[in-house]
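Computation of the quantities below employed the complete heavy-atom set of this structure, encompassing side-chain atoms and omitting hydrogens, waters and symmetry-equivalent molecules. We name chains A, B, ... by the order of the sequence lines, and we start the count at 1 in each one.
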Amino acid sequence: MADKELSDLPDATDLTGAEKFHVVQGGNSREASALQLQKMVEKIGSDIASSAVLGVSDPGSYYTVTGTTGISSFADVRVGKVVTLRFAAALNLSHHATDLILLGGEDITTAAGDIGVFRQYASGDWVCLSYFKAAVSPNMFKANALRHSGEASDRHLQSIAAAWVNFTGTGTIAINDDVNVQSLTDNGTGDYAVLLTNSMANTDYAVTVSAGTFAANAEIESLAAGSFETQIKDVAQTGVLRDAPIVCAIVMGQLSS
Amino acid sequence: MIPDFRGVQLAQRRSWAKANLEKIAPKYAVLWETPFAPKSEPLKITVYSPNWLACAIAGGILPDVQTYLDDSRSMAAFIKKYGKSAPFEYAKVGGAQHAFADPIGAMTEEEAVEYIIQSTLPEDVWKPRHNRQILKIVRCEDVPQDRTYRKLWKLDNLEIEAA
């Protein structure tokens, strides 16, 4: 080994963690293993109390953020630094165009157990690489629009039903299946009111009602943010109200929040 | 196991439940009349969704019923201030309380019926005392199947046992 340049040495094979390195610690030579270096890189840092400028630091790549104080930027550590943060409570992460770029350009209200991954991309400037809501399964997602691979432009997600229901309107009325419908009220012959679980944002939404098994005219009698009323009329009997064996309704529009 | 749905929109919780919980057929129906309605107005029958009932029984999904009452009061106050013709928007009254409220625990079906009554029926049906019965919870199978005289149905002329 003596008198050889580093470039003269053969390439190492994959490290196992047991290999040794020479380090200087406190002015003294010490021996460290590759595994120790890995542990330093992956170190779980001490909990950080939330503050307007979050005090992330080196070393460490995973921190739990405690408290509920809003965060608008992270401390300047070094460009390239990546941290994973687990939030212990609800607080507001404020989007900023340079200091703290959040996904979608929107603030994030954290919840206990949420996890975010952030990278420092410039001096004192951080970007959120990903964010996982603890309460939401990976099978669920949030988006404003969708685009089919063959389409040139997005379709707004409001073009997906906010609610739908299929119910029996004769005998004892009964909801056969639904999405986001809470209850159904039989107001009298051919007259039904549907209550939504999650209300619509306003009364400007659209409802389509169809009924069978006769030539029926389904009219919208009223639209409220949380419910709508429909009347089923028999076309053959010049608009006489009539119970329908099957009534279907689809609600499109913006849900309340 | 129900996920921690705190902070998740109610419609999204219901979507999760739709995919993960089995529907439960409701046992009860609520018969009720509007106080001071014209004599010609028949009683109303309210039933609830099997998917919704699955959420109520499972717990951890639905908001406190009080949030619906608070929203109803906000809406009523808006209409009182601006008139019935003014277009209502939840954004104008600070948002819908029920949409993101923390979920409550599991209910029995009997408790779920109470929830339905409070969230669906007008408050003046179930809250004040009336000098005649205007609300009755019955078993679904006891509601008459023959609706020939549906227009004439009243609580005092339908002989159905309360559940």
Side-chain angles (χ1 to χ4, degrees), chain A residues 90 108-114 133-137 139-142 162-163 165 167-204 223-227 241-243 254-257, chain B residues 3-16 18-20 23 25-26 29-30 32 41-52 55 61-63 68 71-72 75 87-92 95-96 98-100 115-116 119-121 140-147 150-151 153:
Chain A
I108 296 173
T109 301
T110 68
D114 286 3
K133 296 290 286 181
V136 180
S137 148
N139 297 321
M140 304 169 86
F141 63 92
K142 181 182 176 185
V165 63
F167 67 85
T168 300
T170 54
T172 306
I173 58 161
I175 295 172
N176 300 315
D177 205 356
D178 73 286
V179 163
N180 192 28
V181 167
Q182 185 140 319
S183 62
L184 168 69
T185 295
D186 162 11
N187 290 323
T189 304
D191 189 332
Y192 312 98
V194 175
L195 185 90
L196 306 175
T197 300
N198 193 139
S199 297
M200 304 304 288
N202 51 46
T203 54
D204 293 336
L223 289 179
S227 63
L241 287 168
R242 183 173 165 185
D243 294 329
Q254 184 184 346
L255 288 160
S256 67
S257 57
Chain B
D4 180 356
F5 277 132
R6 285 173 294 179
V8 177
Q9 189 170 16
L10 182 54
Q12 198 170 10
R13 302 179 206 172
R14 288 275 328 248
S15 293
W16 179 90
K18 174 78 175 163
N20 291 281
K23 288 189 283 188
V30 181
W32 56 284
E41 186 178 294
L43 64 76
K44 300 170 191 287
I45 305 167
T46 293
V47 295
Y48 40 97
S49 157
N51 292 308
W52 178 88
C55 296
I61 299 171
L62 302 175
Y68 285 105
D71 287 335
S72 291
M75 198 183 301
F88 174 78
E89 288 180 33
Y90 270 114
K92 292 178 180 171
H98 67 272
F100 279 94
Y115 188 115
I116 284 291
S119 62
T120 306
L121 277 50
C140 288
E141 63 264 28
D142 292 338
V143 178
Q145 296 296 298
D146 182 354
R147 294 166 61 92
R150 176 69 181 84
K151 283 183 197 168
W153 288 9

> How would you list, by chain and number, every residue that makes a salt bridge (Lys or Arg N to Asp or Glu O under 4.0 Å) with B/Lys18, sequence neighbours excluded?
Replying inline: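 Salt bridge (Lys or Arg N to Asp or Glu O under 4.0 Å) list for B/Lys18, sorted by chain: A/Asp177.
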>> Under the rule for salt bridge (Lys or Arg N to Asp or Glu O under 4.0 Å), what residues qualify as partners of A/Arg242, not counting sequence neighbours?
In response: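 If we apply the salt bridge (Lys or Arg N to Asp or Glu O under 4.0 Å) test to A/Arg242, skipping adjacent residues, the hits are A/Asp234.
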Counting N and O atoms only, with roles assigned by atom type, does the side chain of [X] sit under 3.5 Å from a partner on the main chain of [Y], one being a donor and the other an acceptor?
{"X": "B/Tyr48", "Y": "A/Ile175", "result": "no"}
{"X": "B/Gln9", "Y": "A/Ser256", "result": "yes"}
{"X": "B/Asn51", "Y": "A/Asp178", "result": "yes"}

> How far apart are the closest heavy atoms of A/Asn202 and B/Glu89, and which atoms are they?
Replying inline: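 Heavy-atom minimum between the residues: CB-CG, 3.5 Å.
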>> Need one label for A/Thr109: side chain, backbone, both or neither, based on atoms under 4.5 Å from any heavy atom in chain B.
In response: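 Nothing of A/Thr109, per the 4.5 Å heavy-atom cut-off to chain B.
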>> Taking side chain as everything from C-beta outward and backbone as N, CA, C, O, which of these in A/Leu195 sits under 4.5 Å from a heavy atom of chain B? Side chain, backbone, both or neither.
In response: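 Contact with chain B: side chain only.
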What part of [X] gets closer than 4.5 Å to chain A, counting heavy atoms only: side chain, backbone, both or neither?
{"X": "B/Leu62", "result": "side chain"}
{"X": "B/Ala11", "result": "both"}
{"X": "B/Phe100", "result": "side chain"}
{"X": "B/Ser72", "result": "neither"}
{"X": "B/Trp32", "result": "side chain"}

> Taking atom NZ of B/Lys92 as the centre, does the number of heavy atoms from other residues, nucleotides or ligands within less than 6.0 Å exceed 12?
Replying inline: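 Yes.
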>> For a 4.5 angstrom cut-off between non-hydrogen side-chain atoms, does A/Thr172 reach B/Glu141?
In response: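 Not in contact.
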>> Out of B/Val143, B/Leu10, B/Val47, B/Asp4, return the one with the most heavy atom pairs under 4.5 angstrom to chain A.
In response: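 Option with the top pair count is B/Val47.
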>> Does B/Tyr90 form a side-chain contact (heavy atoms from CB on, under 4.5 Å) with A/Gln254? I'd like the steps, not just the answer.
In response: CA-CA 11 Å; B/Tyr90 270 114; A/Gln254 184 184 346; over 6 Å; no
> Which one of A/Ala201, A/Gly226, A/Gly171 has the most heavy-atom pairs closer than 4.5 Å to chain B?
Replying inline: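 The residue among A/Ala201, A/Gly226, A/Gly171 with the greatest pair count is A/Gly171.
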> Would A/Asp243 and B/Arg147 count as a side-chain contact (heavy atoms from CB on, under 4.5 Å) if you check the C-alpha gap in whole Å, the side-chain angles of each, and the deciding distance to 0.1 Å?
Replying inline: CA-CA 9 Å; A/Asp243 294 329; B/Arg147 294 166 61 92; 2.6 Å; yes
